[in-house]
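Take a look at the structure set out below.
Within every chain, numbering begins at 1; the chains are lettered A, B, ... in the order of the sequence lines, protein sequences first and strands thereafter.
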Number of protein chains: 2
Amino acid sequence: MPDVTLKDVAVRAGVHVGTASRALDPKRRHLVNAETRQRVEAAAGELGYRVNVLARSLRKGSTGMIGAVVADLGNPFLPPMLRGLDEVLGPRGYMIAVSETHEDPETFRRVCEQLIARRVDGIVISAAHVGDGDFISTLEQSLPVVLAVRRVSGGGHHTVTHDDILGARLVTEYLVNLGHQRLAQLRGPDDVSSFAGRSRGFQEVIAEHGCTEVVTHGRAGEPTTAEGKRLAAALLAADVDRPTAIFAQNDLMAIGALEALGEAGLRCPDDVSIVGYNDAPLTEHLTPPLTTVRLPSNALGRRVAAMMLDQLDQTNEPPNTVQLEPELVIRASAAAPARDGSRRMSA
Amino acid sequence: MPDVTLKDVAVRAGVHVGTASRALDPKRRHLVNAETRQRVEAAAGELGYRVNVLARSLRKGSTGMIGAVVADLGNPFLPPMLRGLDEVLGPRGYMIAVSETHEDPETFRRVCEQLIARRVDGIVISAAHVGDGDFISTLEQSLPVVLAVRRVSGGGHHTVTHDDILGARLVTEYLVNLGHQRLAQLRGPDDVSSFAGRSRGFQEVIAEHGCTEVVTHGRAGEPTTAEGKRLAAALLAADVDRPTAIFAQNDLMAIGALEALGEAGLRCPDDVSIVGYNDAPLTEHLTPPLTTVRLPSNALGRRVAAMMLDQLDQTNEPPNTVQLEPELVIRASAAAPARDGSRRMSA
DNA sequence: ATGAAAGCGCTAACAA
DNA sequence: TTGTTAGCGCTTTCAT
């Protein structure tokens, strides 16, 4: 209970704290007599000494902690990303502190302030909304910041994202090549760059091929199963103009669409093709197995970490953004449209 | 970049740091002249002052951080639990620091030591293996510890778990009442109390009803889909003794079993019933929707937090363990066994 | 109501 | 090679 301090160790080893400090520091133990060092190590061991990182950090001016601000830990692409961070930052002596924002702007700011107050050496942000650029610039005055997954408008930040435009293009081109002419998308919140990018990629391809985007009013407030279902139901209700393929901007919404389809007495992919995004766990076990887009999240985490290290090491790299390529995973939820056009009824 | 300190604020406000400190502390600002206080607050605002929590913690002897040691963030019951922690600890001024062990004993110890070196005020451990009791007792000499989800052998620790025996009993009784006589389980690693408890609950019910447990050699090294599939395949290969129902100790293994069934040309639940555990996301969208057990993870997190608070507040509660009741979620992967006994062949 | 000063535990520059 | 000393930025007695 009573914390044992370096002084206690020093006393027991019969040396002064300075010497004890040196003896215990891997980088400077060579400056101390081998025999003394062993005495110190022994004393430390017997006393169960554990360095007080607080005191050390205060003195050294750095804590060896990197904050990671994420929107929601339940998001399945986050654990691999965080692991990636840890894999490269860990061996360099850094520890990752994860905080959630639940997409709440106020929580976002509070959490960042909190992290700074605790003097983390850097912050990784994957919870940004597009309008957060100014706030983030503020943070950058205090410490290194790297944006992960989500970018903000304006640029000028160190950022690593998935190439969402490409991902959406992959999906849409695949669908168009299958023969679809009337497509729709289930959109996530537009103030998150990932969804905005997917919208854009989709629309680019639609335009390039002269296809039709079937639109309904509104996008998902939260990109959940329930919202996906609601949005998809709206799309399927207008029987005449029904799309033959739906691109859901994430897997949850795709599943909602699958449900809506079922309730409308339609089949996937026979009547309507559906493609998701993220390749969440278990999507391969759905019926039908979901065609979706796989993100290199672990690689992204490692890349983010490397970029953070650049800044921590003062390599004055100018802010830039790297985009990692996602991959289309073809399973069974998308197929060529039925030959008899859009008026096909349920079986 | 140049951190602004309390002294800077004091100078700008024309007061001494002691006064500035008081003025900024909600608990003691009443000790300072209203007008002075406003000057200090103004100065702090203009300078962008952010308290150095390191220095404060060093002085106060507590950091306001609680470490949470988990095995794997990818485990879907963790986010709700962590949120539960945050919901009750956050308002009390604590911040949660999450670390992963990946089930590696060495990492587990290293992470705990690390947390102590950083002088967290308490540790929540949900990554324990049954044999970790002694090590944990060691930790308890330094700070408050609460065990979450997983218990260790020996007792004597503050712990909150799901009632795994009950959960398994619920499953097994349901299966037996459906008419099953020959059942099997897909076991997870026995050095994790959760799985050990499920094994026990299953076997209790089997014994009480005079049913037969169909066993194969071995249990899952890691309770994954692949392992579940391998184990289930072994069970189904022995055609004569095939069980009519399989209890998978988690949903991933249940999905593996579903696959094995498919490859063996068998149907679920017609030929073999399968029940999972955890109610992971998307299990309700499988074919068939998975009957499983739902865990009150958020409530567990809150309970753990409350127990931690007890210790932090020196309410000398003796160590005890509370068990939260899980709930059987009946969907479609389990049904009454076929009338024609165990020799039924695939369609 | 405010100032002065000690000290939390550690590291690093300087002496010896 | 080791001892000495000065802080890192803050809170908190104790004076005033």
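Taking 4.0 angstrom as the limit, A:His16 places none of its side-chain polar atoms (N or O) nearer than this to OP1 or OP2 of D:dT2.
Protein atom CG of B:Asp25 is 15 Å distant from nucleotide atom P of C:dT2, rounded to whole Å. In this entry the distance linking CG of B:Leu58 with P of C:dC8 reads 9 Å, nearest Å. Straight-line distance from the CZ atom of A:Arg50 to the P atom of C:dC10: 13 Å, rounded to whole Å. Atom NZ of B:Lys7 is separated from atom P of C:dT2 by 21 Å (rounded to the nearest Å). We find that CZ of B:Arg22 is positioned 8 Å from P of C:dG3, with the value rounded to whole Å. Atom CG in B:Leu6 sits about 14 Å away from atom C1' in C:dG3, given to the nearest Å. Separating the CZ atom of A:Arg56 from the C1' atom of C:dC8 is a distance of 16 Å, rounded to the nearest angstrom. Going from atom CZ of A:Arg29 over to atom C1' of D:dT2 covers 18 Å, rounded to whole Å.
Within the nucleic acid shown, B:Val15 comes within 4.0 Å of sugar-phosphate atoms alone, with no base atom in reach, counting heavy atoms only. Across all strands, A:Ser21 comes closer than 4.0 Å to base atoms (heavy-atom distances). Within the 4.0 angstrom heavy-atom criterion, base atoms lie near A:Leu31.
In the set C:dC10, C:dA5, D:dT13, C:dA5 carries the atom at the smallest distance from any side-chain atom of B:Val17. Residue A:Arg28 has its side chain nearest to C:dT11 when only C:dT11, D:dT2, D:dC10 are considered. The side chain of A:Thr19 sits closest to D:dT2 out of C:dG9, D:dT2, C:dG3. Taking every side-chain heavy atom of A:Asn33 into account, D:dT2 is the closest of D:dT2, C:dG9, D:dC10.
Sorted by residue number, the members of residues 59-67 of chain B with any non-hydrogen atom under 4.0 Å from DNA chain D read B:Arg59, B:Lys60. For the segment residues 34-43 of chain B, residues with any heavy atom less than 4.0 angstrom from an atom of DNA chain C are, sorted by number, B:Thr36.
Between atom CG of residue A:Asp86 and atom CG of residue A:Asn298 there is a gap of 10.5 Å, rounded to the nearest 0.5 Å. We find the CD1-CG distance between B:Ile116 and A:Asn52 to be 12.0 Å, quoted to the nearest 0.5 Å. Summarising the geometry, atom CD belonging to A:Gln38 is positioned 6.5 Å from atom CD belonging to A:Glu41; distances are rounded to the nearest 0.5 Å.
When only modelled atom types and interatomic distance are considered, A:Thr63 and A:Arg56 share no side-chain donor-acceptor pair under 3.5 Å. With no hydrogens or angles considered, a side-chain donor-acceptor pair links A:Gln114 and A:Arg118 at under 3.5 Å. With hydrogens and angles left out, the side-chain atoms of A:His158 and A:Glu317 include no donor and acceptor closer than 3.5 Å. No hydrogens or angles considered: a donor-acceptor pair under 3.5 Å links the side chains of A:Arg151 and A:Gln323.
Within the 3.5 Å criterion, the main-chain N or O of A:Val53 finds a donor-acceptor partner in the side chain of A:Ser57.
Side-chain to base pairing of B:Arg119 with C:dG9: no donor and acceptor N or O lie closer than 3.5 Å to each other.
Between B:Arg109 and B:Phe135 the shortest side-chain heavy-atom distance falls below 4.5 Å. Using a 4.5 Å heavy-atom cutoff, the side chains of B:Ile123 and B:Val146 are not in contact.
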